[in-house]
Amino acid sequence: MSNALTPVPQEGFANPLSQMRSMLGQPAVKRSLPMIFMVGLIASAALAWFMLSTPTQKTLFSGLPDSDKAAVISALKAGGITGRLDESTDAVTVNESDYSKARMLLAGQGLPKSAPAGYAILDNLPMGTSRAVEGERLRQARETELARSIEDIDAVAEARVHLAVPENTVFVRDNAAPTASVILKLQGGRTLGDAQVASIVNLVASSVPGMKPEGVTIVDQAGALLSKPDGADGANDARIRFQNQVEQKYRDQLTQLLTPMVGVGNFTVQVSADINQDDTSSTRESYDKAGSLRAEQGNWTGKDAATGAPGGIPGALSNTPSGPTTVTAPNAQPTPAAGAASAAAGAAPAPAAAPSVPDSAKSADSYARAYDLGKEVSVTRAAPGNIKRLSVSVGLNDPGTGKPRTPVEIQQITDLVSAAVGADTSRGDVVKVVSRRFAPATATGGGPAFYESGWFAMIIRNVTALVIALLVLFVGVKPLASALLKKRDDAGRGGRDLAALGIGPQSANVRGPVGIDQLEGAQNFDQRLGTVRGFTRDNPARAALAVRDMIKADAK
């Protein structure tokens with residue numbers, strides 16, 4: 001007997017699953033489970049509706065001070081835009097569809113104001129700052145001002161500038177040139193043209209002393225290099241642009257020619273131009289065969305014995321004059337042809353031949369003659385842009401009457417196209433005109449699909465949230481509510497049946513909780529049974545103690 005009455009130690013938290021099972025097995029908990037489950041389903045449906053119906057948020061600003069946050073939220077609220085403050089990321093967010101409108105609204109009001117002007121940083125320098133700190137602050141101020149200037153461009157949303165300016169010193173012979181790096185965040189769907197990129201490069205290079213445009217590097221938010229050094233790549237791009245301009249010029253001419261004839265959308269034109277873009281120059285020199293005497297120098301000295309005074313031993317023969325002396329003329333000048341040949345060979349003056357003098361006379365002859373030849377120099381430079389070959393393709397849409405175009409009509413259009421582009425068969429130009437039935441516009445894709453638009457995504461999001469809420473209501477909440485109502489009806493029906501049979505506290509005119517006195521005052525077995533049921537329902541703890549005492553009494 002003593003073993004049966006030994007209390008069993010409690011399990012405590014040794015088996016939480018069994019404790020959870022016993023807790024859920026309590027009558028009060030069992031009665032509350034359907035209601036708890038229904039409330040949970042309703043809360044889940046409301047949460048799903050809230051998450052799916054709320055538009056996608058986009059970060060407007062992050063890391064702002066509290067004053068700017070309050071100013072931004074107030075400005076957005078005044079402008080009819082819902083702004084939210086994300087506590088996890090410390091960012092101000094708006095609906096994705098209102099992002100551009102919010103940026104424009106805040107930019108018009110000069111918000112946020114936390115970013116100081118570039119040179120305003122220098123106003124906060126404390127006294128006694130070192131030279132290195134002053135230099136860094138000055139560089140930071142320049143970077144901020146340059147970034148603000150670049151952000152004034154319409155296509156640029158944000159800009160950051162990094163300057164690398166080496167310090168000048170007299171102890172270094174070759175000082176390094178300063179360089180700059182610019183990171184741009186462009187507006188959605190916007191791009192920068194070559195002229196805009198070149199303007200940013202020149203703006204940055206002109207703002208820093210000693211910086212060259214080649215030292216500026218520009219990168220966008222996708223990591224694409226926008227700035228290109230002047231070199232082969234720039235020359236190739238210029239050639240491609242020139243070729244595209246020539247081809248576009250011919251396409252515009254053909255479009256103006258064919259639109260009145262076949263109508264808009266009933267033709268397509270493609271032009272391919274092979275352009276000679278080589279810059280060549282040539283120089284030619286020619287000489288005239290007939291030359292002209294430019295300069296002549298001469299020196300003639302001669303002494304004849306016959307011309308002197310008589311001399312010798314006085315006598316008869318010594319005073320007799322000698323016979324006449326014959327002196328020949330100098331050699332004739334060379335012909336112009338011979339002179340031209342000698343000048344062409346060496347272009348140096350040729351001395352004249354010495355005259356022939358008899359041996360009886362003493363003479364010397366020295367001449368130098370220079371001749372000029374006729375000279376012609378011509379320089380020819382061929383500018384690029386000549387078309388070497390032209391190919392034109394024209395596709396015509398057959399008329400809707402079902403009758404195709406005749407070869408005569410196609411030939412006439414071909415002749416018109418050839419005349420419009422100035423086709424030359426001698427250089428190999430080709431013009432082809434083909435008439436075919438065009439494919440429908442739906443097959444070629446006339447624009448973006450409807451499922452890629454923003455309104456379609458919003459409709460899908462709202463419809464999905466509505467379907468989830470309806471499924472929760474009809475699949476979860478409605479069956480639970482029906483079960484609870486049925487259980488209540490069954491309980492009421494059972495009570496009415498017991499009362500009709502004279503069982504239960506109602507038959508004994510018992511009002512309120514059932515006590516021990518009511519149990520002792522029961523008149524028959526059915527009334528006592530009903531009273532015991534009511535007492536057990538109203539006093540479960542006392543009923544359990546009574547059952548325990550009865551078990552102990554039976555055990556004794």
Side-chain angles (χ1 to χ4, degrees), residues 154-155 189-199 228 230-282 284 378-449:
D154 295 338
R190 301 290 297 275
T191 58
L192 289 177
D194 294 339
Q196 293 175 312
V197 173
S199 64
K228 296 180 181 179
D230 294 336
D233 294 338
N236 291 334
D237 294 342
R239 292 183 178 184
I240 293 174
R241 286 196 300 269
F242 180 72
Q243 182 175 358
N244 293 335
Q245 291 176 359
V246 173
E247 293 175 353
Q248 184 62 36
K249 173 179 175 294
Y250 285 118
R251 280 193 292 267
D252 294 341
Q253 292 178 354
L254 293 179
T255 301
Q256 296 177 1
L257 174 66
L258 297 176
T259 299
M261 297 177 59
V262 297
V264 179
N266 291 327
F267 67 92
T268 177
V269 176
Q270 290 296 330
V271 179
S272 177
D274 186 7
I275 302 175
N276 182 14
Q277 300 190 16
D278 297 333
D279 189 0
T280 59
S281 61
S282 61
R284 179 176 177 272
S378 62
V379 179
T380 304
R381 181 177 180 181
N386 295 328
I387 298 177
K388 297 190 296 185
R389 188 172 182 270
L390 191 65
S391 300
V392 181
S393 301
V394 179
L396 301 177
N397 186 18
D398 283 341
T401 57
K403 183 179 180 182
R405 289 185 172 85
T406 61
V408 177
E409 294 177 351
I410 295 177
Q411 184 60 38
Q412 291 177 353
I413 296 176
T414 302
D415 296 339
L416 286 175
V417 171
S418 300
V421 299
D424 188 0
T425 56
S426 61
R427 65 184 180 187
D429 294 349
V430 178
V431 177
K432 293 292 184 182
V433 178
V434 178
S435 180
R436 291 288 186 275
R437 185 66 179 174
F438 285 2
T442 56
T444 58

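Just the heavy atoms: all of them, side chains too, but no hydrogens, waters or symmetry mates, feed the values below.
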Exercise. Going by the side chain to side chain contact (heavy atoms under 4.5 Å, CB included) test, name the single residue among Val271, Val246, Val392 that passes it with Arg251.
Key: Val271
Quiz item: What residue among Leu416, Asp415, Val408 forms side chain to side chain contact (heavy atoms under 4.5 Å, CB included) with Gln412?
Solution: Val408
Distance from [X] atom [atom1] to [Y] atom [atom2], nearest 0.5 Å?
X      : Y      : atom1 : atom2 : value
Gln270 : Ser393 : CD    : OG    : 7.5 Å
Asp274 : Asn386 : CG    : CG    : 11.5 Å
Ile387 : Arg427 : CD1   : CZ    : 5.5 Å
Lys249 : Gln245 : NZ    : CD    : 11.5 Å
Leu258 : Asn266 : CG    : CG    : 10.5 Å
Glu409 : Thr414 : CD    : OG1   : 11.5 Å

I need the minimum non-hydrogen distance between [X] and [Y], along with the two atoms involved.
X      : Y      : answer
Asp398 : Arg437 : O-NH1, 3.0 Å
Ser272 : Glu247 : CA-OE2, 3.7 Å
Gln196 : Thr191 : OE1-O, 3.9 Å

Quiz item: Should the heavy atoms of other residues, nucleotides or ligands under 6.0 Å from NZ of Lys388 be counted, would the total exceed 12?
Solution: yes
Exercise. Compute whether any side-chain donor of one residue and acceptor of the other, for Asp252 and Gln256, lie under 3.5 angstrom apart.
Key: no
Quiz prompt | Non-neighbouring partners of Thr259 that pass side-chain contact (heavy atoms from CB on, under 4.5 Å), sequence neighbours left out | solution = Thr255, Val264, Phe267
Self-check item: Flag side-chain contact, heavy atom, 4.5 Å: Val262 against Arg405
Solution: yes
Could you tell me whether a side-chain N or O of [X] sits under 3.5 Å from a main-chain N or O of [Y], the two making a donor and an acceptor?
X      : Y      : value
Asn397 : Phe438 : yes
Arg239 : Ile275 : no
Arg389 : Asp429 : no
Gln243 : Ala273 : yes

Quiz prompt | Note: Arg190-Asp154 ion pair, threshold 4.0 Å (strictly below) | solution = no
Quiz item: Would Ile413 and Leu396 count as a side chain to side chain contact (heavy atoms under 4.5 Å, CB included) if you check the C-alpha gap in whole Å, the side-chain angles of each, and the deciding distance to 0.1 Å?
Solution: CA-CA 10 Å; Ile413 296 176; Leu396 301 177; 3.4 Å; yes
